[in-house]
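The next block holds one structure in the form of structure tokens; read it before the comments.
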Amino acid sequence: MLDIELIRKNPEKVKNALSRRDPSLVDTIDEVLDLDKHRRELIAKVENLRALRNKKSKEIGHLRREGKDTKASEEEVRKLKEDIENLEEELSQVKESLHNLLLRIPNLPHPSVPDGEDEEDNVEVRRWGQIKEFGFEPKPHWEIGEKLGILDFKAGATLAGSRFTVVKGLGARLERALINFMLDLHTSKGYQEVIPPHLVRPEILIGTGQLPKFQEDLYLCERDDLYLIPTAEVPLTNLFRDTILSEEDLPLYFTAYTPCYRREAGSHGKDVRGIIRQHQFNKVELVKIVHPDTSYEELEKLTTDAEEVLKLLGLPYRVVELCTGDLGFSASKTYDIEVWFPSQGRFREVSSCSNCEDFQARRMNTRFKDASGKKRFVHTLNGSGLAVGRVLAAILENYQREDGRVEIPEALRDYVKADIIG
RNA sequence: GGAGAGGUGGCCGAGUGGCCGAAGGCGGCCGCUUGCUAAGCGGCAGAGGGUUAACAGCCCUCCGAGGGUUCGAAUCCCUCCCUCUCCGCCA
């Protein structure tokens, strides 16, 4: 959520920044400004009346003790009360409209974010690794996995429908190995391992920005009004909602393995084969809660921490900086890490590392007390470290051999207790 | 799921209709005293919002959340949420 005071005091600055994402947001800001003005006018009126009512009521108390008649005063206050109630009703409606509007406005992009409309305009910042030359036509991971008997798409469809896959045997063990490998790496770098709930309340999703705008992307357990998490970012970032941390507590680093559940509404026809886009997938997440002055250094570090996984696995990748049009709702700046898929001849996203600045902190009410005792919002960051299923697919493709077998990357062999699948 | 107890400031805890934004204690901050420390003494200090040049003043709101009764609610009534204890069920 954007700071209403910032919008009020620097409307042009806010409009300029937001229009880099979407020019229509300029009108939304004007709407916000109108509502905010109306809101403050109503507050002034209501409060004046309340002050008067409080004064009169106190007088009644004094008069009573002196044994005087208070009928007239009581009638006067009763009338005041009606006026107050009417204005309060109007005020709460205005407040609600304003709040709902603010909750649907995305974060301001950082000045360094390149302009652009979609992923075509993202800017590559670096590459790592040597793309392997195969002496044969590299197969897609779904063919490799099916043939090895480790990916069962038919069983997944039978059990739960499309975009669900059953992983078996050494494939399942490889997936578990990847999770352990990633967690071990991150915890060795100071991230605290967490096992969070996989079901959360609506307000938790408002905190990180998935609600109210992206409801249709989420699975909802209606009887209990709980949502399945689309990423561990949601419970981890919300760990300190409604709290005031002390400056020495910062920075906080967390990592968690969780399944992620996404309805993938509106992505019909995209990546229909394989395990690139699933309704349920495993992910190891990195979350940082940091001092505002250091959040951009922390973003660089977070990104390299995620990259480290691919380096150790020997998977070629590149890092791109998202343009304004591709930036997520809550993010000010985002780096995507994309791993090489030989069968597709292109890089595919396995991580998205973002600095949300105080956008989520304001929604969650997570603050800290600085040296002078002033309360400030923290900055929050998150990044995949990494998307496990996609990395598994990348391993199948990059480590495939002509005979259909797949080598296990060196770094995973102790975990998998095997050096080849097939 | 059943029965009961409870949710008050950073923490503990008093407060059953006005003089309560809230006693007292602990912790915190600032002084004084004091070889140092500790103890002691005195003082300061809740949060959010409106107005404003202002972290000055004034005003409003907040005692788990939301409604209600009343001229007036931390206090009375209703609903919900959460925590704890016991029982049941259960990985």
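So that the names make sense, note that chain A is the first sequence line, chain B the second, and so on, each numbered from 1.
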Q: Determine the contact category for A/Arg362: base if any of its heavy atoms lies under 4.0 Å from a base atom, sugar-phosphate if only primed atoms, P, OP1 or OP2 are that close, otherwise nothing.
A: nothing
Q: Report the distance from atom CG of A/Asp242 to atom P of B/G48, rounded to the nearest whole Å.
A: 12 Å
Q) Expressed in whole Å, how much space separates the P atoms belonging to B/C86 and B/G10? A) 31 Å
Q: Would you kindly say whether A/Ser246 and A/Asp249 are connected by a side-chain donor-acceptor distance under 3.5 Å?
A: yes
(Q) Can you measure A/Glu47 atom CD to B/C62 atom P for me and round it to whole angstrom units? (A) 11 Å
Q.
Pair A/Ile150, A/Ile144 - check side-chain contact (heavy atoms from CB on, under 4.5 Å), show working.
A. CA-CA 9 Å; A/Ile150 60 173; A/Ile144 302 166; over 6 Å; no
Q: Go ahead and name the base partner of B/A53; Watson-Crick or wobble counts if both distances stay under 3.5 Å, otherwise write none.
A: none
(Q) Strictly below 4.0 Å: does A/Arg39 bring a side-chain N or O up to OP1 or OP2 of B/G50? (A) yes
Q.
Checking base pairs now: Watson-Crick or wobble, both atom distances under 3.5 Å. What partners B/A22?
A. none
Q) Hey, does the side chain of A/Arg78 come within less than 4.0 Å of B/U69's phosphate (OP1/OP2), counting only N and O? A) no
Q: On the 0 to 90° scale, with breaks at 30° and 60°, tag the A/Phe164-A/His279 ring pair as parallel, tilted or perpendicular.
A: tilted
Q. Is B/A47 paired to anything, Watson-Crick or G-U wobble with both distances less than 3.5 Å, and if yes, which nucleotide?
A. B/U61
Q.
Taking the six-membered ring for Trp, are A/Phe359 and A/Phe329 closer than 6.0 Å centroid to centroid?
A. yes
Q) To the nearest Å, how far apart are A/Glu76 CD and B/C71 P? A) 14 Å
Q: Can you tell me the pairing partner of B/C86 across any strand shown, Watson-Crick or G-U wobble, with both distances under 3.5 angstrom?
A: B/G2
Q) Contact class for A/Asn48 vs. all strands (heavy atom < 4.0 Å): base, sugar-phosphate, or nothing? A) nothing
Q.
Please compare A/Arg201 and A/Val46 by the position of their nearest nucleotide in RNA chain B and report the one closer to 5'.
A. A/Val46
Q.
Without decimals, in angstroms, what is the distance between A/Arg50 CZ and B/C71 P?
A. 18 Å
**Q.** Nucleotide B/C59, atom C1' - distance to CZ of A/Arg40 in whole Å
**A.** 16 Å
Q: Using the P atom as the reference point in each nucleotide, state the distance between B/C29 and B/A39 in Å, no decimals.
A: 13 Å
Q: Tell me the partner of B/U16, counting only Watson-Crick (N1-N3 plus N6-O4 or O6-N4) or G-U wobble (N1-O2 and O6-N3) with both under 3.5 Å; none if nothing fits.
A: none
**Q.** B/U85 to B/C77 separation - P atoms, rounded to the nearest Å
**A.** 27 Å
(Q) In whole Å, I'd like the distance from the CG atom of A/Leu91 to the C1' atom of B/U61. (A) 11 Å
Q | Pairwise C1' distance for B/G28 and B/G66, with rounding to whole Å | A | 35 Å
Q | Contact letters for nucleotides 16-23 of chain B, in which S counts primed atoms plus P, OP1 and OP2 and B counts the base, heavy atoms under 4.0 Å | A | --B-----
Q.
Looking at A/Lys15 and A/Asp30, is there a salt bridge between them, counting it only when a charged N and a carboxylate O are closer than 4.0 Å?
A. yes
Q: Considering only atom P, compute the distance from B/G21 to B/C59 and round it to an integer number of Å.
A: 13 Å
Q | Pairwise P distance for B/C12 and B/G31, with rounding to whole Å | A | 30 Å
Q: Map A/Glu74 and A/Lys375 onto RNA chain B by nearest heavy atom, then report which one ends up closer to the 5' terminus.
A: A/Lys375
Q) Tell me: CZ of A/Arg53 to P of B/A73, nearest whole Å? A) 7 Å
Q. Now, which nucleotide makes the Watson-Crick or G-U wobble pair with B/G72, with each of the two distances under 3.5 Å?
A. none
Q: Begin with the C-alpha distance, continue with both residues' side-chain angles, and end with the deciding distance and a verdict on salt bridge (charged side-chain N to carboxylate O under 4.0 Å, His left out) for A/Arg277 and A/Glu264.
A: CA-CA 8 Å; A/Arg277 193 174 299 274; A/Glu264 293 296 339; 3.3 Å; yes
Q.
I want to check one thing: is the phosphate of B/C71, taken as OP1 and OP2, less than 4.0 Å away from some side-chain N or O of A/Asn54?
A. no
Q) Are A/Arg376 and A/Asp293 close enough, and set up right, to give a salt bridge (charged side-chain N to carboxylate O under 4.0 Å, His left out), and what steps lead you there? A) CA-CA 11 Å; A/Arg376 300 172 65 186; A/Asp293 296 348; 3.7 Å; yes
Q) If you measure from the C1' atom in B/C32 to the same atom in B/A74, how many Å do you get, rounded? A) 38 Å
(Q) For A/His141 and A/Phe341, take the angle between the two ring planes, folded into 0 to 90°, and tell me which bin it lands in: parallel under 30, tilted 30 to 60, perpendicular over 60. (A) perpendicular
Q: Please give the nucleotide sitting opposite B/U37 as a Watson-Crick or G-U wobble pair, both distances under 3.5 Å, or none.
A: none
Q) Which base, if any, makes a Watson-Crick or G-U wobble pair with B/G42, both distances under 3.5 Å? A) B/C30
Q | Nearest-angstrom distance from the residue atom CD1 of A/Ile244 to C1' of B/G48 | A | 11 Å
Q) If the P atom of B/G72 is compared with that of B/C82, how far apart are they to the nearest Å? A) 32 Å
Q) Do A/Lys333 and A/Tyr296 come close enough that some side-chain heavy atom pair is under 4.5 Å? A) yes
Q: Would you tell me whether A/Thr294 and A/Glu297 have side-chain atoms, one donor and one acceptor, within less than 3.5 Å of each other?
A: no
